Amino acid sequence: MRNFALILLFIASPAFAQDSQLVGSWKLVSYQLILDSDPPKDQLGKEPKGELILTNDGRVITILASDTRAPAKTDQERSELFKSMIAYAGKYRIEGKEIITTVEVSWNEAWNGTDQRRLWRIEDGKLFIESVPQPSTLFPGKTAVGRSVWERRK
């Protein structure tokens, strides 16, 4: 009986529970931001850059960046660069069609230590991820939903 309980504990552990469909390296295809009930906007441009890496042992790292980023020359330009990217890493777990990341480090200090919930689905070989509605980091007083599309790295 004790062995059976240990097997159940192992199967239920986060490392074992990762969805093998998600594990791997992904390249960003598109990213849209929806503020309140506004139409979706290509917040990072028509050809954003990004990487998403999900490991079998439950680690995630992601970075998304605008297709128009350029090296900053002034403090104002450096400040604007903050608005043209998203980056975070931590532990993730899968609960049904939600991927939940406990953020350990991010470009936005307000996210550190929080759980970031995303809905996911794979369709026609692409990974679609959508955030749950949350207060916008870039547009105070507005609610934001981010939508990203990824293709698997080969």
Side-chain angles (χ1 to χ4, degrees), residues 14-15 17-154:
Q18 302 315 315
D19 194 305
S20 62
Q21 297 177 83
L22 294 174
V23 170
S25 298
W26 300 84
K27 177 185 176 195
L28 185 64
V29 175
S30 68
Y31 177 78
Q32 292 186 316
L33 185 66
I34 302 163
L35 294 172
D36 295 331
S37 57
D38 293 346
K41 178 182 176 187
D42 292 324
Q43 184 66 27
L44 300 175
K46 293 285 185 194
E47 296 181 24
K49 301 172 222 159
E51 296 289 329
L52 169 64
I53 300 171
L54 297 149
T55 67
N56 198 39
D57 64 343
R59 307 292 305 170
V60 61
I61 185 166
T62 186
I63 184 167
L64 297 82
S66 171
D67 58 2
T68 61
R69 285 174 62 93
K73 296 180 180 103
T74 67
D75 284 343
Q76 178 63 32
E77 289 174 349
R78 278 185 279 286
S79 176
E80 290 300 314
L81 285 175
F82 174 80
K83 298 177 183 177
S84 66
M85 69 172 294
I86 300 167
Y88 60 95
K91 291 283 289 176
Y92 79 94
R93 66 186 185 279
I94 304 297
E95 293 180 5
K97 286 299 181 181
E98 281 191 332
I99 181 170
I100 301 133
T101 301
T102 300
V103 178
E104 295 171 356
V105 61
S106 76
W107 99 116
N108 176 5
E109 290 298 314
W111 279 21
N112 294 349
T114 69
D115 280 352
Q116 294 296 312
R117 292 182 172 272
R118 308 286 185 262
L119 302 173
W120 69 273
R121 76 180 191 285
I122 294 179
E123 192 175 291
D124 297 327
K126 290 194 164 99
L127 172 60
F128 294 81
I129 298 178
E130 183 171 307
S131 70
V132 297
Q134 59 190 341
S136 173
T137 301
L138 300 176
F139 304 97
K142 296 200 176 253
T143 299
V145 171
R147 289 183 181 161
S148 57
V149 180
W150 305 84
E151 61 186 20
R152 190 176 293 279
R153 290 278 186 192
K154 300 198 176 21

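Any value given below was found using the heavy atoms of this structure, including those in side chains, with hydrogens, waters and symmetry copies removed. We count residues from 1, following the sequence as given. No experiment lies behind these values; they were computed from the predicted model shown.
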According to side-chain hydrogen bond (donor to acceptor under 3.5 Å, both in side chains), who are the partners of [X], at least two apart in sequence or on a separate chain?
{"X": "E47", "result": "none"}
{"X": "E77", "result": "none"}
{"X": "K46", "result": "D42"}
{"X": "S131", "result": "none"}

Inset, instruction - For the residue pair S106 and N108, confirm or rule out a side-chain donor-acceptor distance under 3.5 Å. - result: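 No, N108 and S106 have no side-chain donor paired with an acceptor closer than 3.5 Å.
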Legend entry - Under 3.5 Å side-chain donor-acceptor pair for E104 and T102: no
Inset, instruction - Kindly indicate, with the supporting measurements, whether the criterion side-chain contact (heavy atoms from CB on, under 4.5 Å) is fulfilled by Q32 and K41. - result: CA-CA 5 Å; Q32 292 186 316; K41 178 182 176 187; over 6 Å; no
Inset, instruction - Any salt bridge (Lys or Arg N to Asp or Glu O under 4.0 Å) involving residues 79-90? Give me the pairs, sequence neighbours left out, ordered by first then second residue. - result: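 Salt bridge (Lys or Arg N to Asp or Glu O under 4.0 Å) check on residues 79-90 returns E80-K83.
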Inset, instruction - Could you list all the salt bridge (Lys or Arg N to Asp or Glu O under 4.0 Å) pairs where at least one residue sits in residues 122-141, not counting sequence neighbours? - result: R121-E123, E130-R147
Legend entry - Donor-acceptor under 3.5 Å (S136 side chain, L138 main chain):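 Flag set: sc S136 to bb L138 pair under 3.5 Å.
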Inset, instruction - Please confirm whether the backbone N or O of F82 pairs with a side-chain atom of W107, one donor and one acceptor, at under 3.5 Å? - result: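 Checking the backbone N and O of F82 against the side chain of W107, a donor-acceptor pair under 3.5 Å is found.
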Suppose we screen for side chain to side chain contact (heavy atoms under 4.5 Å, CB included). Which residues come up paired with [X], at least two apart in sequence or across chains?
{"X": "E109", "answer": "N112"}
{"X": "I61", "answer": "I53, A89"}
{"X": "L81", "answer": "R69, A72, S84"}
{"X": "L64", "answer": "L28, Y31, L44, T62, I86, W150"}

Inset, instruction - Could you tell me which residues satisfy ring-ring contact (aromatic ring centres under 6.0 Å, His included) with Y88, sequence neighbours excluded, listed by chain and number? - result: W111
Legend entry - Option among V29, V149, L52 that satisfies the side-chain contact (heavy atoms from CB on, under 4.5 Å) test with L127: L52
Inset, instruction - Please name the pair of heavy atoms, one in V145 and one in V132, separated by the smallest distance, quoted to 0.1 Å. - result: CG2-C, 4.5 Å
Legend entry - Partners meeting salt bridge (Lys or Arg N to Asp or Glu O under 4.0 Å) with D36 (sequence neighbours left out): K142
